[in-house]
Amino acid sequence: MSDVAIITGGTRGIGAAIAGVLARRKVRLVLNGRNRDADVEEELAELSGLTDVTFVEGDAADPATAQRLASIATDAYGRIDYVIPAAGGPNPGKITDLTVEQWLAAFHVHVHAVFHLFRACHPALSVRGGGVLLIGSVAGERGCPGTVAYQTVKGALPQFARALARDHAHEGIRVNVIEPGIIRTRFHAAMTPEAEKNNLDNRIPLRRFGRPEDVASAALELLTNPFITGETLVIDGGMSMRMV
């Protein structure tokens, strides 16, 4: 039986790119999103040579969605090998701009969703071990203007991963974090030409934006390498390491 992966936010952006590299390895995919994308599902099925790419509609921050994903995967395939909570989105605003509801919403999608999905998948993961990958951000590493909620929740993920990795290593469960920089997805669709020029000229030493595939290839290593756990890998073209 092929390996099985659950990916929330798996039909677009970084989540879809990770689904693609796993599909090429014949991994069976259980994808979650708010809206179905039949074209993405068909493309992934073609990449894997398998016809059963499963889509589960729902809010990734809802514990019922997490439980449904785990149940569908185990009922259909009898196992879960990889768990990637990739659903997310921007949470702009300074603390004086945000409502309480907006602050809490950032935690629901970026932190609480991980909590619910790991708990739901743990019984299956603990049978033979597996890889869990959290999608952080360089915004959780360095101060950025006007995104206090986003920075806070992304900054929580490396410690969340270390805690899970330490507690569940004896079960063969590995937990790591990948931290993308500016990756050309819908997340950055609103970037102005002026901001784009500043990023390329002054902020990113490699002088290009990342692609979802850049993140996915590194994600594959963290998911499948059997001797890496509790680690955080930054994929940002050198943006967060520069001095000036």
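These values consider heavy atoms only, across backbone and side chains, with no hydrogens, waters or symmetry-generated copies.
Thr224 OG1 to Arg25 CZ: the interatomic distance, rounded to the nearest 0.5 Å, is 5.0 Å. Within the model, atoms OG1 of Thr152 and NE2 of His110 stand 11.0 Å from one another, a figure rounded to the nearest 0.5 Å. To the nearest 0.5 Å, atom CD of residue Glu46 and atom CD of residue Glu43 are 7.5 Å apart. A distance of 9.0 Å separates NZ in Lys26 from OG in Ser2, rounded to the nearest 0.5 Å. Separation of atoms CG (Asn35) and OG1 (Thr11) is listed at 7.5 Å; rounding is to 0.5 Å. A distance of 10.5 Å separates CG of Leu104 from CD of Gln102, quoted to the nearest 0.5 Å.
In this structure, Arg184 contributes its side chain and Phe209 its backbone to no donor-acceptor pair below 3.5 Å. A donor-acceptor pair is defined here as one N or O able to donate and one able to accept, closer than 3.5 Å; no such pair exists between the side chain of His116 and the backbone of Gln67. Looking only at distances, a side-chain donor or acceptor of Asn199 sits under 3.5 Å from a matching main-chain atom of Ala195. Arg242 places a side-chain N or O within donor-acceptor distance of the main-chain N or O of Met239, the cut-off being under 3.5 Å. Proximity of a side-chain donor or acceptor of Thr8 to a complementary backbone N or O of Ala87 within less than 3.5 Å is detected. Lys154 places a side-chain N or O within 3.5 Å of a backbone atom of Ile135 that can act as its donor or acceptor partner. In this structure a side-chain-to-backbone donor-acceptor pair under 3.5 Å is missing from Asn32 to Thr65. Proximity of a side-chain donor or acceptor of Asn176 to a complementary backbone N or O of Gly230 within less than 3.5 Å is detected.
Salt-bridge formation is detected for the pair Asp214/Arg208: a Lys NZ or Arg NE/NH1/NH2 atom is positioned less than 4.0 Å from an Asp or Glu carboxylate oxygen.
The minimum heavy-atom distance linking Gly155 with Pro158 is given by the pair O-CD, 3.4 Å. What you find for Pro85 and Leu134 is that their closest heavy atoms are CG-CD2, 3.8 Å. Smallest separation of non-hydrogen atoms from Ser240 and Val234: OG-CG1, 3.7 Å. Scanning both residues, Leu98 and Pro92, for their nearest heavy atoms gives CD2-O, 3.3 Å. Here the closest non-hydrogen pair linking Gly237 and Pro205 is O-CD, 3.3 Å. Minimum heavy-atom separation, Ala219 to Ile178: N-CD1, 3.6 Å.
A continuous path of Ile, Leu, Val, Met, Phe, Trp and Tyr side chains, each step under 4.5 Å between heavy atoms, connects Ile173 with Leu69, placing both in one hydrophobic cluster. Under the 4.5 Å side-chain heavy-atom criterion for Ile, Leu, Val, Met, Phe, Trp and Tyr, Ile6 and Val109 are members of distinct hydrophobic clusters. Follow the hydrophobic side-chain contacts under 4.5 Å out from Ile235 and you reach Leu133 in the same cluster.
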Problem set entry | Check against side-chain contact (heavy atoms from CB on, under 4.5 Å), Ile182 and Ile204 | CA-CA 9 Å; Ile182 302 176; Ile204 305 174; 4.2 Å; yes
Problem set entry | Candidate pair Arg12 and Val40, rule side-chain contact (heavy atoms from CB on, under 4.5 Å), full reasoning | CA-CA 8 Å; Arg12 60 184 54 165; Val40 170; over 6 Å; no
For this session: Check the pair Tyr82, Ile18 against side-chain contact (heavy atoms from CB on, under 4.5 Å), reporting the backbone distance first and the verdict last.
Result: CA-CA 11 Å; Tyr82 306 116; Ile18 294 173; over 6 Å; no
Exercise. Under the side-chain contact (heavy atoms from CB on, under 4.5 Å) criterion, do Leu220 and Leu22 qualify, and how do the steps go?
Worked result: CA-CA 7 Å; Leu220 180 64; Leu22 291 174; 3.9 Å; yes
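Leu233 is not listed as a side-chain neighbour of Ile228, based on a closest heavy-atom distance of 4.5 Å or more. Looking only at side-chain heavy atoms (C-beta outward), Glu194 and Lys197 stay at 4.5 Å or farther from each other. Under the 4.5 Å side-chain criterion, counting only non-hydrogen atoms from C-beta, Ile183 is in contact with Pro212.
Note on residues 57-79: pairs passing salt bridge (charged side-chain N to carboxylate O under 4.0 Å, His left out), not counting sequence neighbours, are Asp3-Arg79, Arg34-Asp59, Arg79-Asp81. Legend: salt bridge (charged side-chain N to carboxylate O under 4.0 Å, His left out) pairs involving residues 164-181, not counting sequence neighbours: none detected.
A search for ring-ring contact (aromatic ring centres under 6.0 Å, His included) contacts involving Phe55 returns nothing, not counting sequence neighbours.
The aromatic rings of His170 and His168 sit parallel to each other, their planes meeting at less than 30°, with 60° as the upper class boundary.
Environment of NZ in Lys94: sparse, with no more than 12 heavy atoms of neighbouring residues, nucleotides or ligands closer than 6.0 Å.
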